[in-house]
Amino acid sequence: MSIMHRARRAIFVTSAFPFLLSPVAKPQTSATTVKKLKVYISVDMEGVAGVVTADQLGPGGFEYERFRHFMTNETMAAVNAANQSGATEIVVSDSHGNGESLLIDEFPKNVRIVRSWPRHGGMMAGLDSSFDAALFIGYHASTTNLRGVRAHTFSSAHLTRVSLNGNAVTEGEFNAAYAGALGVPVIFASGDDAALEELKSRLENIETAETKKNLSFHSAETLTPEVSRERIGTSVKVALARLHDFKPYAIKTPVTLEISFKNYMPALMLSYLRTVQRVDSHTIRFVGKDMAEVSDFVDVVDGYSPDLAP
Ligand SMILES: [Zn+2]
């Protein structure tokens with residue numbers, strides 16, 4: 001369903017100066033109409049300015065604590081830009097690693113934050129068709145890209161390719177298809193040059209902010225955190241100002257998902273399920289009725305282990 005066809009809910013506010021009304025006076029009904037603007041922000045970390053190795057990406061890394069701030073600040077740049085553009089509600093999803101990287105006390109009151117895993121919808125958990133736009137912060141290139149800092153798709157440890165309806169996808173494209181199925185367009189992404197080039201080859205007219213130029217899997221020529229924040233803020237405002245230009249990225253259903261593993265055993269074991277086909281030694285195929293089902297399937301494949309506790 002296109003955003004153009006979705007009913008826009010309006011909130012009626014009474015006079016901006018209620019204290020000027022006498023106690024018996026009824027509130028003015030000739031109120032101002034405020035349009036709702038709900039913005040969803042999915043945040044990863046590999047595409048944040050300065051990130052080049054695992055030293056920045058997880059609790060074991062010596063620079064992780066500093067980079068949680070930088071990641072939060074890049075997200076705040078998008079939040080502030082959205083609020084300055086009239087956002088009425090914002091949901092931010094902490095979608096990197098343990099899902100507990102963002103510093104939640106830094107955000108203004110109209111923001112809610114999705115944390116930790118598992119959660120239906122993965123990196124887009126909490127998104128529904130009431131949202132007007134989705135933004136990606138800190139996104140990275142896919143596992144099939146020859147370039148890109150820490151390029152991977154969902155799991156650098158386990159997966160070598162994820163495809164939808166025959167096309168290898170980035171996390172960004174997968175998540176855009178998830179949002180598209182709900183009628184929500186992705187209008188902005190930040191990350192390194194390889195990530196943005198790859199994403200723009202599918203989501204043509206999105207606004208972007210390049211945070212660094214990749215030099216290899218573990219090297220980049222990066223902007224400073226301050227300049228990166230400024231670029232994100234500027235581009236998010238441009239994107240929201242032309243919101244009507246964007247269409248949800250909807251793909252054909254049912255959706256054919258293929259996943260290639262680094263190792264042989266996951267493909268072998270999963271093929272015991274009658275709903276899963278083994279395509280080759282390292283690859284399985286699953287057909288889901290929609291992106292929600294495909295997203296849940298990916299989460300099971302990458303998240304399940306008999307050692308799970310509690
Ligand atoms: Zn990622």
Side-chain angles (χ1 to χ4, degrees), residues 40-61 64 67-68 70-72 74-75 78 92-102 113-119 121-127 134-164 168-179 186 188-200 202-203 206 208-212 214 217-218 220 228 232 257 259-262 291 294-295 298-299 301-303:
Y40 185 93
I41 308 178
S42 175
V43 188
D44 207 344
M45 197 169 194
E46 286 84 350
V48 169
V51 170
V52 281
T53 68
D55 291 331
Q56 295 84 44
L57 288 168
Y64 176 64
F67 275 78
R68 291 177 74 190
F70 300 153
M71 178 195 191
T72 302
E74 288 196 0
T75 309
V92 170
S93 70
D94 192 328
S95 296
H96 170 75
N98 59 14
E100 298 164 318
S101 298
L102 291 170
I113 297 130
V114 174
R115 307 188 83 204
S116 191
W117 322 91
R119 57 200 199 201
M123 300 174 78
M124 305 301 278
L127 184 75
L135 319 176
F136 296 155
I137 297 288
Y139 269 47
H140 51 81
S142 78
T143 183
T144 50
N145 197 326
L146 303 183
R147 301 159 59 240
V149 171
R150 299 287 296 197
H152 69 275
T153 308
F154 298 123
S155 167
S156 43
H158 305 132
L159 309 182
T160 60
R161 182 175 185 271
V162 175
S163 76
L164 295 176
V169 293
T170 57
E171 290 172 15
E173 185 180 353
F174 185 99
N175 293 338
Y178 181 91
V186 172
F188 169 86
S190 70
D192 75 13
D193 55 336
L196 299 182
E197 189 182 290
E198 198 175 8
L199 200 52
K200 278 196 281 192
R202 300 289 171 79
L203 311 177
I206 61 167
T208 55
E210 186 181 301
T211 58
K212 57 197 170 192
N214 85 96
F217 189 79
H218 272 159
S228 185
I232 289 168
L257 167 76
I259 300 177
S260 301
F261 297 90
K262 278 191 178 164
M291 278 304 296
V294 164
S295 171
V298 169
D299 286 352
V301 165
D302 199 43

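The chain is numbered in sequence order, starting from 1. Every number for a ligand or one of its atoms is a count from 1 in the order of the listing. Nothing here was measured: the structure is a model prediction, and the numbers come from that model.
Screening residues 140-156 for salt bridge (charged side-chain N to carboxylate O under 4.0 Å, His left out) gives Arg147-Asp193, Arg147-Glu197 as the qualifying pairs, with residues at least two apart or on separate chains.
For the atom pair CD of Glu210 and OG of Ser228, the computed distance is 10.0 Å after rounding to the nearest 0.5 Å. Distance OG1/Thr208 to CD1/Ile232: 10.5 Å, rounded to 0.5 Å.
The Zn ion (ligand 1) has no N, O or S atom of Glu46 under 2.8 Å away, backbone or side chain. Taking backbone and side chain together, His140 holds an N, O or S atom under 2.8 Å from the Zn ion (ligand 1).
Asp44 has its closest N, O or S atom to the Zn ion (ligand 1) at the position named OD2. The atom of Glu171 nearest to the Zn ion (ligand 1) is OE1, with the search restricted to N, O or S atoms.
In terms of the side-chain hydrogen bond (donor to acceptor under 3.5 Å, both in side chains) criterion, Thr160 has no residue partners (sequence neighbours excluded).
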